[in-house]
Amino acid sequence: MTFSDLGLSPKVLSAVTDAGYTQPTPIQAGAIPHALLGKDILGIAQTGTGKTASFVLPMLTRLEKGRARARMPRTLILEPTRELAAQVEENFIRYGKNHKLNIALLIGGVSFDEQDKKLERGADVLIATPGRLLDHRERGKLLLNGVEILVIDEADRMLDMGFIPDIERICEMIPFTRQTLFFSATMPPEITKLTEKFLHAPVRVEVSKAASTATSIIQRLVKSGSKPWDKRETLRNLMKAEDAELKNAIIFCNRKVEVSELFRSLLKYDFDAGALHGDMDQRARMQMLANFRDGKLRYLVASDVAARGLDIPDVSHVFNYDVPIHAEDYVHRIGRTGRAGRSGKSFTIATKSDTKYIDAIERLIGNKIEWHDGDLSTVVASEGEDEAPRRGRGAPRRAGRKDEDRKDKGERKPRERHAKPSEAAPPEAAHDEQPVAAEATVADIGERRARKEAIRSENTERKADRNESRTPERGDSRPQRDTNRPARHRQEDNDATVGFGDDMPAFMRIVAKV
DNA sequence: AAAAAAT
């Protein structure tokens, strides 16, 4: 079976060939012919099975007839996360290079202006996360009654994220004469109900992930003390021990704060790391992901935003800094490695309080996970003797290392609870404690800082932008200058606070949060 | 004990 057997148009086929593909994956072979005939599809497939192309390619072929009208997109693809949406857009660009298609990506965290323009121009392909899509609609910028093809991707994940009511609302806005392509990795009852309501005589295409995948991942549990500094030390030792084999790695944490803390800590220890979680500025998220994909970053510290769906080929290692609370997340996380038949390694750092979660994971995967270096009964209680302190300046104090870590834990966290996220944990504070590092790393950190600065200023610009373009549309008759002034004031407050001058305390400055 | 998503 080759792609040319599936009934795709010559334009699509040539783009597929140029991308270097000749053989469709099972989900592609199963779904594409039916999708081309206009049938509804129920695709049960995980990521890494070629699912995205299984709807992108037939959609491109079908879009060759007809043209989009202003504010009336012809197709709509719903994705649970911003990164996934962006990834689907890349697919449309890659395989649609022989088409003249208007593609619009509607996701949160970025300005409305550009999205509005694309809608106005008429979008053939609209890719969106539910929140921003509904936002556009409520502002009257978007009519959904011209949608011919609707794709709901990663439905089970949308369920986990509480998007189902939004999805139902959106489905009801689209004429029932549409074609619906529906994808989910699992079929819990709520999802089945949804398919019964919104799919018409769907063709069911089910693909199990290649059995080799599970067995090609070497899984280990690693015992650790439970204090954050214990876990960080365990992780660092593990990373060093794996260094020779390790090409790149994703390090998963359960919480966003932990992602930030661990990221900063790894930078201090000269690891070439980036961070990714949902509270980060959207630009920074995209940038981190791109850098990791391009091999400019070797380690990516991430929340579960990166656990599913993201197409990051060739990850050699997955580290679970925390044992995931939900067993399925473990499967998704370690599934980031050992893809496409390659081998991968996963290490899960476990503390005494994690045993019940480990039990649940082992029950789910139907296997015991081996301990890397002895199980938890061999963990020594860890109050005093840590490694040598690594302070950049000042006399090394007794238990300096621990002190520094306490700071992470005891000082920053409470502040974050009370302060706005953007004010929490200014990078300056972390950088103050930088040990004297190798040149490359210092330069790297400088670059990062510069980028944060850029992100920050872009944000303020974008805010001002939005005020300018949106206010008149709301029918607000006040002169534009008035609406801009408060924004400008705020900006001045941030940059050069009256009364503090150059001595403004770091915590009062607004910085891009990582 | 979490994360994600509209502001």
Side-chain angles (χ1 to χ4, degrees), chain A residues 47 77-87 105-113 115-116 127-142 152-170 185 226-228 231 250-262 275-282 285 289 301-310 320-333 336 349-358 360-361 409 413 416-417 420-422 459 462-463 465-467 470-471 474 487:
Chain A
T47 38
I77 298 127
L78 293 171
E79 294 288 337
T81 68
R82 298 169 185 175
E83 276 76 15
L84 276 171
Q87 204 170 282
L105 178 65
L106 305 189
I107 58 173
V110 294
S111 122
F112 279 85
D113 291 350
Q115 299 180 356
D116 281 344
I127 305 151
T129 45
R132 184 54 76 98
L133 181 91
L134 289 170
D135 204 347
H136 273 281
R137 216 193 88 98
E138 274 152 27
R139 293 166 59 245
K141 288 289 174 182
L142 179 59
I152 298 165
D153 198 13
E154 306 257 336
D156 51 351
R157 194 164 177 208
M158 301 242 205
L159 174 74
D160 290 345
M161 292 166 67
F163 280 160
I164 296 304
D166 287 346
I167 300 299
E168 289 187 314
R169 271 179 70 202
I170 294 166
S226 54
K227 297 281 184 275
K231 293 178 77 170
I250 305 181
I251 303 160
F252 284 104
C253 303
N254 284 357
R255 283 185 289 255
K256 291 180 280 199
V257 217
E258 285 178 326
V259 172
S260 306
E261 285 175 3
L262 180 59
L276 185 69
H277 67 67
D279 277 356
M280 282 166 54
D281 177 282
Q282 188 57 28
R285 280 168 71 165
L289 193 56
V301 187
S303 68
D304 278 318
V305 68
R308 304 192 206 184
L310 290 188
N320 287 315
Y321 176 76
D322 296 307
V323 178
I325 295 162
H326 292 299
E328 321 88 78
D329 287 334
Y330 175 83
V331 180
H332 290 293
R333 287 181 182 186
R336 301 285 91 201
I349 296 177
T351 69
K352 284 193 168 133
S353 50
D354 291 323
T355 41
K356 63 175 172 179
Y357 299 114
I358 295 167
I361 290 167
K409 184 75 186 159
K413 249 188 168 166
E416 269 189 7
R417 217 172 290 137
K420 280 190 251 154
S422 49
N459 278 341
R462 247 183 282 136
K463 249 177 241 160
D465 246 28
R466 224 186 288 171
N467 280 339
R470 287 176 75 188
T471 309
R474 281 202 209 113

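First the proteins, then the strands, lettered A, B, ... as listed; each starts at 1. We use all heavy atoms of the structure for the numbers below, so side chains are in, but hydrogens, waters and symmetry mates are not.
- One finds a side-chain N or O of A/R285 lying less than 4.0 angstrom from the OP1 or OP2 phosphate oxygen of B/dA5.
- Look at CE on A/M158: it is 11 Å from P on B/dA6, rounded to the nearest Å.
- Among the atoms of the strands shown, none is found under 4.0 Å from any heavy atom of A/D322.
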Just list the side-chain donor-acceptor pairs under 3.5 Å for residues 77-86 of chain A, sequence neighbours left out, or say none.
residue : atom : partner : partner atom : Å
A/T81   : OG1  : A/L84   : N            : 3.3
A/R82   : NE   : A/G108  : O            : 3.4
A/R82   : NH1  : A/Q282  : OE1          : 2.9
A/E83   : OE1  : A/R285  : NH2          : 2.6
A/E83   : OE2  : A/R285  : NE           : 2.7
A/E83   : OE2  : A/R285  : NH2          : 3.4

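- Between B/dA3, B/dA5, B/dA6, one nucleotide has an atom nearer to the side chain of A/R255 than all others, and that is B/dA3.
- Following rounding to the nearest Å, A/L106 (CG) and B/dA6 (C1') show an atom-to-atom distance of 12 Å.
- Contact annotation: A/R137 side-chain N/O to B/dA6 OP1/OP2 distance is not under 4.0 Å.
- Distance CG (A/D329) to C1' (B/dA2): 9 Å, rounded to an integer number of Å.
- Listed pair A/R139 / B/dA6 fails the phosphate criterion, with no side-chain N or O lying under 4.0 Å from OP1 or OP2.
- B/dT7 atom P lies 10 Å from atom CD of A/Q282, rounded to whole Å.
- One can place CG of A/L134 at 12 Å from P of B/dT7, the figure rounded to the nearest angstrom.
- Salt bridge absent: A/D135 and A/K141 never bring a charged side-chain N and a carboxylate O closer than 4.0 Å.
- Checking B/dA6, B/dA2, B/dA3 against every side-chain atom of A/K256, the shortest atom distance belongs to B/dA3.
- Separating the CZ atom of A/R82 from the C1' atom of B/dA3 is a distance of 13 Å, rounded to the nearest angstrom.
- A 4.5 Å side-chain heavy-atom check between A/V259 and A/L276 finds every atom pair outside the cut-off.
- At the heavy-atom level, A/Y357 lies under 4.0 Å from base atoms of the strands shown.
- When the side chain to side chain contact (heavy atoms under 4.5 Å, CB included) test is applied to A/D166, the partners found at least two apart in sequence or on another chain are A/P130, A/L134, A/F163, A/R169.
- Rounding to whole angstrom units, NE2 of residue A/H326 and C1' of B/dA1 are separated by 10 Å.
- Residue A/H277 places no side-chain atom within donor-acceptor reach of the base of B/dA3, judged by atom type and a 3.5 Å distance cut-off alone.
- Nearest to the side-chain atoms of A/D135 among the listed nucleotides B/dA5, B/dA4, B/dA6 stands B/dA6.
- Between the CE atom of A/M280 and the C1' atom of B/dA4 there is a distance of 15 Å, rounded to whole Å.
- Distances shown here put a side-chain N or O of A/S303 below 4.0 Å from the OP1 or OP2 atom of B/dA4.
- Using a 4.0 Å cut-off between a side-chain N of Lys or Arg and a carboxylate O of Asp or Glu, A/K231 and A/D322 qualify as a salt bridge.
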